[in-house]
Amino acid sequence: MSDAVVIIPTYNEIENIEAIIRAVFSQEKDFHVLVVDDNSPDKTGEKVKILQKEFKDQLFLLERKAKSGLGTAYIAGFEWALEKTYQFIFEMDADFSHNPDDLVRLYDACANDNADIAVGSRYVKGITVVNWPLSRILLSYGASRYVRLITRMKVKDSTAGFVCYKRKVLETINLKKIKFIGYAFQIEMKFKAHKKGFIIKEIPVIFKDRTKGNSKMSGSIISEAIFGVINLKLKSLFAK
Ligand SMILES: Nc1nc2c(ncn2[C@@H]2O[C@H](COP(=O)(O)OP(=O)(O)O[C@H]3O[C@H](CO)[C@@H](O)[C@H](O)[C@@H]3O)[C@@H](O)[C@H]2O)c(=O)[nH]1
């Protein structure tokens with residue numbers, strides 16, 4: 001039994017799913033993988049079922065009926081992982097924008113250093129993003145500056161989706177109360193963990209834009225983040 005599971009949410013990732021799963025299982029450390037698929041029309045889930053025959057007891061699949069957002073996919077995955085004995089629970093995109101070779105560095109920060117959360121960060125050493133259009137870099141970097149300004153949280157890449165959580169973090173945060181369903185979910189999780197006093201460490205990574213499939217970014221995801229951050233901050237002030 002591995003002590004670490006990598007949760008990969010998927011919606012229409014047929015071009016990436018097999019390669020990313022194989023890349024995780026080719027690491028020296030033994031990771032498990034949980035795919036949370038939202039009934040992808042391109043049959044990503046069916047592909048995972050075929051791979052499960054090869055990776056018995058290592059590869060798991062949670063199927064949801066319809067596309068319901070990145071945040072709720074992760075919450076479903078966290079709840080699944082907490083029912084098992086995993087001590088380290090990861091978030092990672094399916095599209096290779098996060099390099100699976102960095103998984104061990106995030107793991108080490110939590111398992112062998114003092115991090116409660118290790119964030120694969122694009123903004124520790126300047127901006128380490130490859131192949132994103134300038135507009136997307138500005139949006140993401142601008143969002144990270146905006147979050148720091150409003151929340152006063154020191155994390156530089158608050159929207160990062162490449163994360164290792166120690167089990168106790170997910171046990172402590174009330175997952176039922178996580179509100180955001182888009183990428184703002186990433187901000188909310190880090191902010192709640194920060195408020196609980198957990199140590200968040202940023203590990204520099206190079207983020208590469210996907211070469212296969214499409215981003216699910218949308219206008220509603222952006223507006224959820226803009227208004228959501230103010231909402232989070234206000235709620236935390238009144239909770240004092
Ligand atoms: N199950 C499920 N998965 C989803 C959904 N929406 C997106 N995903 C999956 O979530 C991962 C990230 O989605 P992308 O659409 O590829 O994200 P991106 O535009 O590249 O965004 C990146 O930047 C964001 C902002 O910094 C990050 O928050 C995000 O994690 C990611 O790194 C992919 O594996 C994608 O299939 C959904 O509604 N349901």
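When a ligand or atom number is given, it counts from 1 through the structure's own listing order.
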Matching residue for Asp95 among Arg210, Lys212, Lys208 - test: side chain to side chain donor-acceptor pair (under 3.5 Å)
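Looking at Arg210, Lys212, Lys208, the match for Asp95 under the side chain to side chain donor-acceptor pair (under 3.5 Å) is Arg210.
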Which atoms from ligand 1 have a heavy atom of [X] less than 4.0 Å away?
X	answer
Arg210	14 (P), 16 (O)
Glu13	33 (C), 34 (O), 35 (C), 36 (O)
Gly161	30 (O)
His98	32 (O)
Thr10	1 (N), 2 (C), 3 (N), 36 (O)
Arg122	23 (O), 26 (O)
Gly69	37 (C), 38 (O), 39 (N)
Val36	1 (N)

Between [Y] and [X], is there a side-chain donor-acceptor contact under 3.5 Å, judged purely by atom types and distance?
X	Y	value
Gln52	Gln58	no
Asn214	Tyr11	no
Arg64	Thr72	yes
Gln27	Asp101	yes
Tyr123	Ser140	yes
Ser144	Asp157	no
Glu224	Tyr183	no

Measure the distance from [atom] to every protein heavy atom, then report the residue, atom name and distance (to 0.1 Å) of the closest one.
atom	value
atom 24 (C) of ligand 1	Tyr183 CD1, 3.6 Å
atom 20 (O) of ligand 1	Asp95 OD2, 4.0 Å
atom 11 (C) of ligand 1	Asp93 OD1, 3.5 Å
atom 28 (O) of ligand 1	Thr159 O, 2.7 Å
atom 15 (O) of ligand 1	Lys216 N, 2.5 Å
atom 34 (O) of ligand 1	Pro9 O, 2.8 Å
atom 6 (N) of ligand 1	Lys67 NZ, 3.7 Å
atom 39 (N) of ligand 1	Asp38 OD2, 2.7 Å

Please determine if [X] has a nitrogen or oxygen closer than 3.5 Å to a nitrogen or oxygen of ligand 1.
X	answer
Tyr11	yes
Ala160	no
Asn214	no
Ser215	yes
Arg64	no

Are Met1 and Tyr86 packed together at the side-chain level, in the sense that at least one heavy-atom pair is separated by less than 4.5 angstrom?
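Counting from C-beta outward, Met1 and Tyr86 do come under 4.5 Å.
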Basic-acidic side-chain contact under 4.0 Å: Lys201, Asp113
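Salt bridge between Lys201 and Asp113, a charged N being under 4.0 Å from a carboxylate O: yes.
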When you check the gap from the basic side-chain N to the acidic O, do Glu13 and Lys43 get nearer than 4.0 Å?
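No, Glu13 and Lys43 are not salt-bridged.
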Residue portion contacting ligand 1 (non-hydrogen atoms closer than 4.0 Å) for [X]:
X	result
Gln186	side chain
Met92	neither
Ala94	both

Yes or no: does Phe207 have any heavy atom under 4.0 Å from an atom of ligand 1?
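Distance cut 4.0 Å: Phe207 passes for ligand 1.
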Tell me, please: is Arg136 in heavy-atom contact with ligand 1, that is, under 4.0 Å?
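Per 4.0 Å heavy-atom rule, Arg136 contacts ligand 1.
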Met92 and its side-chain contact (heavy atoms from CB on, under 4.5 Å) partner, picked from Leu103, Asp102, Val163, Val33
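The single option meeting the side-chain contact (heavy atoms from CB on, under 4.5 Å) with Met92 is Leu103.
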Rounded to the nearest 0.5 Å, what's the gap from [atom1] on [X] to [atom2] on [Y]? Could you check?
X	Y	atom1	atom2	answer
Ile199	Ile117	CD1	CD1	10.5 Å
Tyr165	Ile173	OH	CD1	6.5 Å
Arg167	Gln87	CZ	CD	5.5 Å

With under 30° as parallel and over 60° as perpendicular, where do the rings of Tyr74 and Phe185 fit, or are they tilted in between?
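Answer is parallel, since the angle falls under 30°.
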Nearest non-hydrogen atom to atom 8 (N) of ligand 1 belongs to which of Leu70, Ile187, Asn12, Ile221?
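Considering heavy atoms of Leu70, Ile187, Asn12, Ile221, the nearest to atom 8 (N) of ligand 1 sits in Leu70.
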